[in-house]
**Student:** 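Sharing a structure, written as structure tokens. Questions coming.
Model, not experiment: these values are computed from the prediction.
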Amino acid sequence: DITKPYLGEYECKSATLGNEEYVDEFSYIILDLKADETFVLRYKTKNKMKGEEKGEYSYDKEKETITRTLGEKSQFKREVSLKKGTICIEFPVGAKLFVMRFEQK
């Protein structure tokens, strides 16, 4: 594709573990999908602690998904939905499901 409308920054609007919402504990959580198929996840807590994770991703136009890779040696891969400017990330944590919803800025 010449245009890649999925590129850019996505802001975390919801981060739940089971029935508990955690997004309010952060000043921001931003996921930036870059044209070179890398991403940066930046966050800052209300206590002013900052963090950043980097990785690689690939986009599948047919499935409307991105597959992201975390870690220097591509140890962790996960396919997530990217539809209509919204990324939904889900994974189990113990007996509960952790769900993050990002919306394109």
**Student:** Under the salt bridge (charged side-chain N to carboxylate O under 4.0 Å, His left out) definition, can you give me all pairs with a residue in residues 8-18, not counting sequence neighbours?
**Tutor:** Glu9-Arg42, Glu9-Lys105, Glu11-Lys13

**Student:** Could you list who else is in Met49's hydrophobic cluster, with ILVMFWY side chains joined at under 4.5 Å, directly or through other members?
**Tutor:** none

**Student:** Remaining members of Val23's ILVMFWY cluster at a side-chain heavy-atom cut-off under 4.5 Å?
**Tutor:** none

**Student:** With heavy-atom distances below 4.5 Å as the criterion, would you say the side chains of Tyr57 and Tyr6 are in contact?
**Tutor:** yes

**Student:** Side chains of Thr16 and Phe98: does their closest heavy-atom pair fall under 4.5 Å?
**Tutor:** no

**Student:** Atom CZ of Phe39 and atom NZ of Lys54: how far apart are they, to the nearest 0.5 Å?
**Tutor:** 11.0 Å

**Student:** NZ/Lys4 to OH/Tyr59 distance, rounded to the nearest 0.5 angstrom?
**Tutor:** 11.0 Å

**Student:** Does anything in residues 16-31 form a salt bridge (charged side-chain N to carboxylate O under 4.0 Å, His left out)? List the pairs, not counting sequence neighbours.
**Tutor:** none

**Student:** For Glu52 and Lys50, run salt bridge (Lys or Arg N to Asp or Glu O under 4.0 Å): C-alpha distance rounded to whole Å, both residues' side-chain angles, the deciding distance at 0.1 Å, then the answer.
**Tutor:** CA-CA 7 Å; Glu52 184 176 281; Lys50 292 182 179 180; over 6 Å; no

**Student:** The criterion is side-chain hydrogen bond (donor to acceptor under 3.5 Å, both in side chains); which residues satisfy it with Asn47, sequence neighbours excluded?
**Tutor:** none

**Student:** May I ask whether Val99 and Tyr43 are part of the same hydrophobic cluster, defined by side-chain heavy atoms of I, L, V, M, F, W, Y residues being less than 4.5 angstrom apart, directly or through others?
**Tutor:** no

**Student:** Provide the closest heavy-atom pair for Ser58 versus Glu37 in the form atom of the first, atom of the second, distance.
**Tutor:** CA-OE2, 4.4 Å

**Student:** Take atom CG in Asp36; do more than 12 heavy atoms of anything else shown fall under 6.0 Å from it?
**Tutor:** yes

**Student:** Among all residues two or more places apart in sequence or in another chain, which pass the side-chain hydrogen bond (donor to acceptor under 3.5 Å, both in side chains) test with Lys44?
**Tutor:** none

**Student:** Let me check something: any side-chain donor-acceptor pairs from residues 26-35 under 3.5 Å, sequence neighbours excluded? List them with distances.
**Tutor:**
unit_1, atom_1, unit_2, atom_2, d
Asp32, OD2, Lys34, NZ, 3.0

**Student:** Membership question, hydrophobic clusters at under 4.5 Å side-chain separation (ILVMFWY): are Val40 and Phe102 in the same one?
**Tutor:** no

**Student:** Tell me which donor-acceptor pairs under 3.5 Å the side chains of residues 79-94 have, and how far apart each pair is, sequence neighbours excluded?
**Tutor:**
unit_1, atom_1, unit_2, atom_2, d
Glu79, OE2, Lys63, NZ, 2.9

**Student:** Is a side-chain N or O of Glu56 found less than 3.5 angstrom from the main chain of Thr67, in a donor-acceptor match?
**Tutor:** no

